[in-house]
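Some notes on the structure that comes next.
Only this structure's heavy atoms are used, side chains among them; waters, hydrogens and symmetry mates stay out. Remember, it's a predicted structure, so these values are computed and weren't measured experimentally.
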Amino acid sequence: MEPTDALFMIIVNIVLFIIFAIIPLLLGIFANISTKHPRTMFIAGQTVSILLTIITVISLSISVIYAINEQDSTQRPYIFAWCICWLLIAIFPLSTFDLTTSQKTKKQKTCYLTISFITFFLILSGSEFLYNRAFGYVFQTERFELSINDFYSNHPEADKNSDINIFASIQNGEDEFTANISVYKDSITLKATELRYISSEIISSEKSQKDSCYRNDLPRDLVQDIIEEITYYQPEIEYTWVGDLCFHPFAFVELANNKNATTIILKLPDIDEYHPNAQRLAKKFASLVNDLKINPTKGCSN
């Protein structure tokens with residue numbers, strides 16, 4: 001989740017704790033200490049607690065109907081589990097009030113209420129976890145393998161005589177660059193292209209500036225590190241309760257290993273907000289190209 005989302009959820013949890021725990025507790029305390037209208041305070045506390053339970057149950061009924069009609073069977077268990085969590089939360093105001101107004105000793109009440117509040121926080125955390133998977137947005141990277149022929153049909157300019165070929169394309173807003181790396185026994189070459197879109201006015205047509213360069217003295221350790229990152233990369237999944245329509249940086253990586261005739265393809269969306277391993281890989285490519293200091297007239301320079 002984004003930092004702002006996490007902060008918002010903390011605030012939501014505090015508000016829910018006040019509504020479902022603190023308010024019934026205070027009503028129960030007032031019912032105990034009230035000398036003029038103890039019966040009225042007791043009825044008021046019971047009424048508020050029952051209303052909170054009824055409102056929660058009605059809301060859950062709508063969610064259950066949604067769960068039954070939900071076509072995605074993978075979401076359905078999370079939806080039902082989330083409903084169970086909130087059924088337990090719905091009982092909490094009534095149980096807290098009844099426990100506070102019971103005839104138990106102060107020590108017993110304190111012990112039971114402490115256990116109840118800890119349980120409440122655990123259930124609330126579990127409901128947040130389940131809600132993100134039941135109703136939230138899924139941000140997922142992909143990794144799959146193809147034959148070597150598919151890679152060379154997509155990239156006919158790649159050198160089949162190399163040990164490994166890597167193609168990476170990273171786009172961030174109006175900036176985009178591609179990197180073609182060929183790894184040989186004695187050298188490593190890189191062909192890099194940087195494309196920048198420039199809008200002179202709001203309604204004007206976009207213009208683009210394209211710069212390219214070539215070099216054959218890349219650091220082998222860094223390239224080998226990138227190769228290992230790609231080879232052992234595993235898809236990452238992030239869940240969040242809110243999505244946005246903003247454009248997130250996107251990376252597309254292909255690695256062709258001529259020795260074992262396989263191709264690894266990585267699709268890495270949303271690398272600014274999610275997927276730390278994908279972010280790390282994209283940053284390595286970006287630093288590799290940025291270090292070239294591409295000059296449209298002189299090519300690469302250090």
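By the 4.5 Å heavy-atom criterion applied to side chains, Ile91 and Leu87 are not counted as neighbours. In this structure the side chain of Thr100 reaches within 4.5 angstrom of the side chain of Ile29, judged on heavy atoms. Counting heavy atoms from C-beta on, the side chains of Phe167 and Thr178 come closer than 4.5 Å. Between Asp163 and Lys259 the shortest side-chain heavy-atom distance falls below 4.5 Å. Thr96 places none of its side-chain heavy atoms less than 4.5 Å from the side chain of Phe20. In this structure, the side chains of Val253 and Phe285 come closer than 4.5 Å at one or more pairs of heavy atoms. In this structure the side chain of Leu266 reaches within 4.5 angstrom of the side chain of Leu281, judged on heavy atoms. The closest side-chain heavy-atom distance from Val138 to Tyr239 is below 4.5 Å.
With hydrophobic clusters built from ILVMFWY side chains whose heavy atoms lie under 4.5 angstrom apart, Ile22 shares a cluster with Phe120. In this structure, Phe129 is a member of the same hydrophobic cluster as Trp82, with clusters built from ILVMFWY side-chain heavy atoms closer than 4.5 Å. Hydrophobic clustering (ILVMFWY, side-chain heavy atoms < 4.5 Å, transitive): Ile148 and Phe144 are in one cluster. Tracing side-chain contacts under 4.5 Å through hydrophobic residues (I, L, V, M, F, W, Y), one reaches Leu27 starting from Leu113; they form part of the same cluster. At a threshold of 4.5 Å between side-chain heavy atoms, the hydrophobic network of Ile, Leu, Val, Met, Phe, Trp and Tyr places Leu25 and Phe121 in one connected group.
No side-chain N or O of Ser162 forms a donor-acceptor pair with one of Asp159 less than 3.5 Å apart. The closest side-chain donor-acceptor pair between Tyr184 and Asn161, if any, does not fall under 3.5 angstrom. Under 3.5 Å, the side chains of Gln46 and Asp98 contain a donor-acceptor pair of N or O atoms. Between His155 and Glu254, the side chains place a donor N or O and an acceptor N or O closer than 3.5 Å (distance only, hydrogens not considered). With hydrogens and angles left out, the side-chain atoms of Ser147 and Asn149 include no donor and acceptor closer than 3.5 Å.
Judged by distance alone, the side chain of Asp150 and the main-chain N or O of Leu146 form no donor-acceptor pair under 3.5 Å. Counting only distance, with no hydrogens or angles, the side chain of Arg143 and the backbone of Tyr233 share a donor-acceptor pair below 3.5 Å. Between the side chain of Thr53 and the main chain of Ala90, a donor-acceptor pair closer than 3.5 Å is present. Side chain of Thr141 to backbone of Glu236: a donor-acceptor contact under 3.5 angstrom is found.
Heavy-atom contacts from other residues, nucleotides or ligands closer than 6.0 Å to OH of Tyr232 number 12 or fewer.
Aromatic ring pairs are classed by plane angle as parallel below 30°, tilted from 30° to 60° and perpendicular above 60°; the pair Phe117 and Phe92 is tilted. Ring geometry for Phe139 against Tyr274 counts as parallel: the plane angle stays under 30°, on a 0 to 90° scale with 60° as the upper cut.
Ile230 pairs in a side chain to side chain contact (heavy atoms under 4.5 Å, CB included) with only one of the listed residues (Asn257, Ile265, Ile166), which is Ile166.
Because its NZ or CZ atom is not both nearer than 6.0 Å to the ring centre of Tyr131 and within 45° of the ring axis, Arg133 does not count as a cation-pi partner of that residue. Geometric assessment of Lys267 against the ring of Phe252 yields a negative cation-pi assignment under the 6.0 Å and 45° thresholds.
Scanning both residues, Ala282 and Ile170, for their nearest heavy atoms gives O-CD1, 3.6 Å. Closest of all the heavy-atom pairs between Pro24 and Ile19 is CD-O, 3.4 Å. Between Ile271 and Gln279 the shortest heavy-atom distance is O-CG, 2.7 Å.
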> When you look at His275 and Leu268, which way does the side-chain contact (heavy atoms from CB on, under 4.5 Å) test go after all the steps?
Replying inline: CA-CA 8 Å; His275 318 311; Leu268 312 174; over 6 Å; no
> Passes side-chain contact (heavy atoms from CB on, under 4.5 Å), Leu60 versus Cys83? Steps please.
Replying inline: CA-CA 6 Å; Leu60 284 176; Cys83 291; 4.1 Å; yes
> Between Asn258 and Asn165, is a side-chain contact (heavy atoms from CB on, under 4.5 Å) present by the stated rule, with each step listed?
Replying inline: CA-CA 8 Å; Asn258 290 321; Asn165 279 308; 4.0 Å; yes
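Taking the ring-ring contact (aromatic ring centres under 6.0 Å, His included) definition, one finds that Phe42 meets it with Phe97, sequence neighbours left out.
Interatomic distance, Ile181 CD1 to Ile227 CD1, rounded to the nearest 0.5 Å: 8.0 Å. Rounding to the nearest 0.5 angstrom, the gap separating the CG atom in Leu52 from the CD1 atom in Ile23 is 7.0 Å. To the nearest 0.5 angstrom, Ser127 atom OG is 4.5 Å from Leu124 atom CG. From Ser182, atom OG reaches atom NZ of Lys160 across 13.0 Å, with rounding to the nearest 0.5 Å. The CG atom of Asn277 sits 4.5 Å away from the CZ atom of Arg280 when rounded to the nearest 0.5 Å. Note that CG of Leu255 and CD of Glu145 are 10.0 Å apart. Values are rounded to the nearest 0.5 Å.
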